[in-house]
Amino acid sequence: MKLKEILQKQLTEAAEKAGFTPHSVVITSSKDEKHGDLSSSLPLSLAKAAKKSPMAIAEAIIGKFEIDDRIVADIFPSPPGFINFKIKDSYFQSLVSEIIKAGNTFGQSDTGKNKTANVEFVSANPTGPLTIGHGRNAVIGDTVANILENHGYNVTREYYFNDAGRQMRLLGQSVEARYFELLGKEIEFPEDGYEGNYIKEIAQNILDEHGKSLTPSDPLFKEKAEKTIFADIEKSLVNLGIHFDQFTNEKTFYENGDIDRFLDELKAKNLIYEKDGATWFRTTNLGKDQDRVYIKSTGEPTYRVPDTAYHRDKINRGFDLIIDIFGADHADTYPDVLLALEALGLKTDHIRILLYQFVTLIRKGEKIKMSTRKANFVTMDELVDEVGADVVRYFFIMRGMNSHLNFDLDLATDQSEKNPVFYLQYAHARICNIIKHGESLGVNPQAHFDTSLLTNSSELELLKTAGKFPEIMDNANETLEPQSVANYLQNLATKFHKFYAECRVLTDDNTLTSARIALINSVKIVLENGLKVLGISAPERM
RNA sequence: GCCCACAUAGCUCAGCAGGAUAGAGCGACUGCCUCCUAAGCAGUAGGCCAGAGGUUCGAAUCCUCUUGUGGGCACCA
């Protein structure tokens, strides 16, 4: 059991014995040494109901607290009414063995054991290369999936796409126009067509493979474009270390009748009606301020229709947890899908939508407006080639997804050596180097060790931080906010670098050397486990 | 106009199931390699946590309003 949980339980018991009825007992890490290692503001929250001074309550609770002398060195009150715990050094020292024993399972949990999760992300239609805009989605999705796996979930990474629809039709027309352009025929480029160079390349490939014989509106234009672009997207994802388990095509739900079925069901519930030649979903009956179009007057369904069928399919597949990673532009649309699912009598509690804010791309101090159609974008491949997948992944994960992050291209490329990810990886590389160096001096990294020798404050600080990893991972599992893991690792690296500056690992004192080797071994394990979750490499040399 | 997010150091951002003195990186300035990698460490400067109210013993964190930024409000996805 984790330290905080143990104390929480004991503190609750003590409060009850003292005659109080505690509701939520919160224990936090103390910022100041003179407040011990951990603190609780329980007395302050009890004061009002108990009509007693917080300090008196603190004293009363402390009087009933049963000290576990393997863990707690001291418990004492401080104004205006905190209860502080001083934890024994021996407890922190014992973490070394605990971490080493757990190895790559340290930080894992079984909260998701025998459960399945589906994470849908990227889901970009194959109209162009994967851009930096998609990058944030891709990295968040993959990392969230990693976090769930870390907690025992069996995760399906899924990519949902649509190769019918207006976007794809325009894509085909754009390729077609470029093809005939290559043949010297001046034909009008479609309005809102895709202007990127990749379109010309595809047209050229078609010309090389099939000659000049193609006629206008040949389906091959679109098919070839889709195939080429999809292969390209998949490659870009692999470059980022991302692999999908399943690709689901929207078309499926037309072909298998799911869409007709659910439309009929809604119709039976009188939630669908016809107006102005279109078919509407009566969302005003479900608490919305306006109805939504389901099928346009052209006969084409809007995205809501297949999306709803798709989500119903995911629900029917029986996942315990369904996660969608959406950009802020979807903020207004997914509620319609959830509404429809609920109207169909489905439970949606286990669906979690993670919205991330858009990335603002900055080059030479100016904002760039990205558009796939206008070919105004920076591809993931370009970025990964320049700075490497580790930097890209870290950059997208180090900030909360609710922040509108600025991606300064010049900073990311020119100053990539100063990127915080290196700071973190450097800690790992340093540890590896020390161990290796030690071995060359005849130090056995697996030797018996006595952690009671780890008494330097930088050693204890390092241990305290390393020991928090499981708690951080639990929290990440609940909030699904990957940046907390990145921030934690940054903090751990700081503690390590400080330790490195203050303590030599390889010394003349063999017993001390063995203890410190064990210490850095445990830190290495935490760094590796954490970096693995972030999908970032842990280099042995830098 | 309506809805959702965001506003914290010069810049990029952490911190937010309310807790004691608000942090990091970059940039600026000082020191530290005869010693396991200086991609590091130590230190200085830099803040009315957008503004105004409110809840509370206690607010950067929760609520309301104002201002500003991004995104949505389409028979685009």
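Naming: A, B, ... by sequence-line order, numbering from 1 per chain. The basis for the numbers below is simple: all heavy atoms, side chains too, and nothing from hydrogens, waters or symmetry mates.
For A:S53, the side-chain hydrogen bond (donor to acceptor under 3.5 Å, both in side chains) criterion is met by no residue, not counting sequence neighbours. Evaluation of the side-chain contact (heavy atoms from CB on, under 4.5 Å) rule for A:T507 yields A:R504, A:D509, A:L512, A:T513, A:R516 as partners, not counting sequence neighbours. For A:F76, there are no ring pair (Phe, Tyr, Trp, His ring centres under 6.0 Å) partners two or more places apart in sequence or in a different chain. Partners of A:Y500 by side-chain hydrogen bond (donor to acceptor under 3.5 Å, both in side chains), not counting sequence neighbours: none found. Residues that satisfy the ring pair (Phe, Tyr, Trp, His ring centres under 6.0 Å) test with A:Y160, not counting sequence neighbours, are A:Y310. Here A:D508 pairs with nothing under the side-chain hydrogen bond (donor to acceptor under 3.5 Å, both in side chains) rule; sequence neighbours left out. Residues passing the side-chain hydrogen bond (donor to acceptor under 3.5 Å, both in side chains) test with A:S403, sequence neighbours excluded: none.
Within 4.0 Å of A:Y500, counting heavy atoms only, lies at least one base atom of the nucleic acid. Here A:H497 lies in heavy-atom contact (under 4.0 Å) with sugar-phosphate atoms only. If you check every strand for non-hydrogen atoms under 4.0 Å, A:A427 touches nothing. Note on A:P79: a base of the nucleic acid sits closer than 4.0 angstrom, heavy atoms only. Among the protein residues, A:S39 comes within range of the nucleic acid bases, having at least one heavy atom under 4.0 Å from a base atom. The residue A:C432 sits apart from the nucleic acid: no heavy atom pair falls under 4.0 Å.
In this structure, the NZ atom of A:K498 is 14 Å from the P atom of B:rG23, given to the nearest Å. Rounded to whole Å, the distance from CG on A:L355 to P on B:rC4 is 13 Å. Between the CG atom of A:D508 and the C1' atom of B:rC36 there is a distance of 13 Å, given to the nearest Å. Between the NE2 atom of A:H437 and the C1' atom of B:rC36 there is a distance of 5 Å, rounded to whole Å. Protein atom CG of A:N456 is 14 Å distant from nucleotide atom C1' of B:rC41, rounded to whole Å. As a whole-Å value, the separation of A:I27 CD1 from B:rG18 P is 15 Å. As rounded to whole Å, 7 Å separates atom C1' of B:rG71 from atom CZ of A:F358. In this structure, OH of A:Y334 is placed 12 Å from C1' of B:rG72, rounded to the nearest angstrom.
Atom name P, nucleotides B:rC16 and B:rC29: the rounded distance is 34 Å, in whole Å. Taking atom P in both B:rG46 and B:rC6, the straight-line distance is 30 Å, to the nearest Å. Remark: the separation of the P atoms in B:rG23 and B:rA74 is 46 Å, to the nearest Å. Look at the P atom in both B:rG47 and B:rU66: the space between them is 30 Å, to the nearest Å. For the P atoms, the distance linking B:rC13 with B:rA52 amounts to 25 Å, nearest Å. Going from the P atom of B:rA14 to that of B:rU8 covers 10 Å, rounded to whole Å. Separating the P atom of B:rA50 from that of B:rA7 is a span of 7 Å, rounded to the nearest Å. Atom C1' of B:rU12 sits at a distance of 33 Å from the matching atom of B:rG54, rounded to the whole Å.
Every stem involving RNA chain B, taken as at least 3 paired positions in a row under the Watson-Crick or G-U wobble test at 3.5 Å, is listed here: B:1-7 with B:67-73, B:10-13 with B:23-26, B:28-32 with B:40-44, B:50-54 with B:62-66.
Aromatic pair A:F121/A:F244: ring centres closer than 6.0 Å. Residues A:Y423 and A:H497 place their aromatic rings such that the two centres sit under 6.0 Å apart. Annotation: A:F161 is in aromatic contact with A:F230 [ring centroid separation under 6.0 Å].
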Could you list the protein-to-nucleotides 56-60 of chain B atom pairs, N/O on both sides, closer than 3.5 Å?
{"from": "B:rC57", "atom 1": "OP1", "to": "A:K48", "atom 2": "NZ", "distance (Å)": "3.0"}

Under 3.5 Å, which N/O atoms of the protein pair with N/O atoms of nucleotides 75-77 of chain B?
{"from": "B:rC75", "atom 1": "O2", "to": "A:S297", "atom 2": "N", "distance (Å)": "2.5"}
{"from": "B:rC75", "atom 1": "O2", "to": "A:S297", "atom 2": "OG", "distance (Å)": "2.6"}
{"from": "B:rC75", "atom 1": "N3", "to": "A:S297", "atom 2": "OG", "distance (Å)": "3.1"}
{"from": "B:rC75", "atom 1": "N4", "to": "A:D276", "atom 2": "O", "distance (Å)": "3.1"}
{"from": "B:rC76", "atom 1": "OP2", "to": "A:K296", "atom 2": "NZ", "distance (Å)": "2.2"}
{"from": "B:rA77", "atom 1": "OP2", "to": "A:Y303", "atom 2": "N", "distance (Å)": "3.4"}

Spell out protein contact along nucleotides 5-17 of chain B as letters: B when the base is contacted, S when just the sugar-phosphate is, - when no protein heavy atom is under 4.0 Å; keep the 5' to 3' order.
-> BS-----BSSS--
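Judged as a side-chain hydrogen bond (donor to acceptor under 3.5 Å, both in side chains), the pairs with a partner in residues 293-302 of chain A (not counting sequence neighbours) are, in order, A:R169-A:E300.
With B:rC41, B:rU21, B:rG71 as the candidates, the nucleotide lying closest to the side chain of A:K34 is B:rU21.
When every heavy atom of A:S514 is checked against every heavy atom of A:F449, the shortest pair comes out as O-CB, 3.6 Å.
In B:rA5 the base sits anti relative to the sugar, since the glycosidic angle is further than 90° from 0. B:rC73 adopts an anti glycosidic conformation, its chi angle falling more than 90° from 0.
Look at A:Y423 and the base of B:rG25; the rings do not stack under the cut-offs of 5.5 Å between centres and 30° between planes.
Taking side-chain N and O atoms only, A:R430 has a distance below 4.0 Å to OP1 or OP2 of B:rA38.
Donor-acceptor pairing under 3.5 Å, judged by distance alone, is absent between the side chain of A:T494 and the base of B:rA24.
Between the side chain of A:S40 and the backbone N or O of A:V26, at least one donor-acceptor pair lies under 3.5 Å.
Residue whose closest nucleotide on RNA chain B sits further toward the 5' end, between A:R292 and A:I435: A:I435.
Side-chain N/O atoms of A:Y394 and A:Q425 include no donor and acceptor closer than 3.5 Å. Between the side chains of A:T465 and A:K495, at least one donor-acceptor pair of N or O atoms lies under 3.5 Å.
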When you look at A:K524 and A:E528, which way does the salt bridge (Lys or Arg N to Asp or Glu O under 4.0 Å) test go after all the steps?
-> CA-CA 6 Å; A:K524 180 169 177 272; A:E528 279 168 0; 3.3 Å; yes
Given the rule in the side chain to side chain donor-acceptor pair (under 3.5 Å) test, do A:D291 and A:T284 qualify, once you have shown the distances and angles that lead to the verdict?
-> CA-CA 6 Å; A:D291 291 338; A:T284 47; 2.7 Å; yes
